[in-house]
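Bear in mind that the values here come from a model prediction, so they are computed numbers and not experimental data. Both ligands and their constituent atoms are indexed starting at 1 by order of listing.
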Amino acid sequence: MGYTYDTNNIFAKILRGEIPNKTVLETEHSLAFHDIAPQAPVHVLVIPKGPYVCLDHFAQEASDAEIIDYTRAIGKVCEMTGVQPSQGGQGFRAIANTGEAGVQEVPHLHTHILGGRILGRMVSRAAE
Ligand code: 5GP
């Protein structure tokens with residue numbers, strides 16, 4: 001089946017500069033910005049600039065340079081937001097919701113970096 005990328009999704013519009021964002025970090029292949037509705041004191045979204053729907057799409061089709069850049073951007077955001085345990089931070093959770101079961105709202109790969117408070121269970125039991 002494969003993935004079809006929707007060029008009108010909200011993060012594509014952010015990448016084109018059509019919608020403002022609070023940028024945390026921009027690299028050659030990635031952009032990180034604050035979530036518009038933060039769920040924790042630290043809530044940053046890291047997205048690749050390329051047209052990838054979700055994590056498995058990116059993992060299978062992105063170039064090595066894009067994958068390295070994206071992974072390093074996530075690491076840099078963790079450093080910049082002070083959540084790294086190795087630097088005295090409290091820790092964080094990285095989430096890439098995917099598809100229907102993952103309850104993904106925006107069909108452009110994004111990794112949520114959440115921290116600044118104890119985040120509770122990894123998966124809510126509410127939907128079981
Ligand atoms: P998902 O449920 O797809 O994993 O998460 C989408 C996230 O994007 C949500 O946390 C939501 O608050 C965030 N979001 C949706 N629209 C915008 C926007 O226009 N700007 C920013 N910065 N975040 C957005």
Under 4.0 Å from ligand 1 - residues by heavy atom, chain and number | Ile10, Phe11, Ile14, Phe33, His34, Asp35, Ile36, Ala37, Leu45, Asn97, Val103, Gln104, Glu105, Val106, His110, His112
Is Arg72 atom CZ crowded by more than 12 heavy atoms from other residues, nucleotides or ligands, each under 6.0 Å away?
-> no
May I have all residue pairs that pass salt bridge (Lys or Arg N to Asp or Glu O under 4.0 Å) and include part of residues 89-99, sequence neighbours excluded?
-> none
Would you say Lys49's side chain and Glu66's backbone share a donor-acceptor pair under 3.5 angstrom?
-> no
Within residues 59-82 or reaching into it, pairs that qualify as ring pair (Phe, Tyr, Trp, His ring centres under 6.0 Å) - sequence neighbours excluded | Phe58-Tyr70
Report the residues that fulfil salt bridge (charged side-chain N to carboxylate O under 4.0 Å, His left out) with Glu28, sequence neighbours left out, ordered by chain and then residue number.
-> none
Please walk me through it: do His112 and His110 pass ring pair (Phe, Tyr, Trp, His ring centres under 6.0 Å)?
-> CA-CA 6 Å; His112 298 254; His110 48 286; 5.1 Å; yes
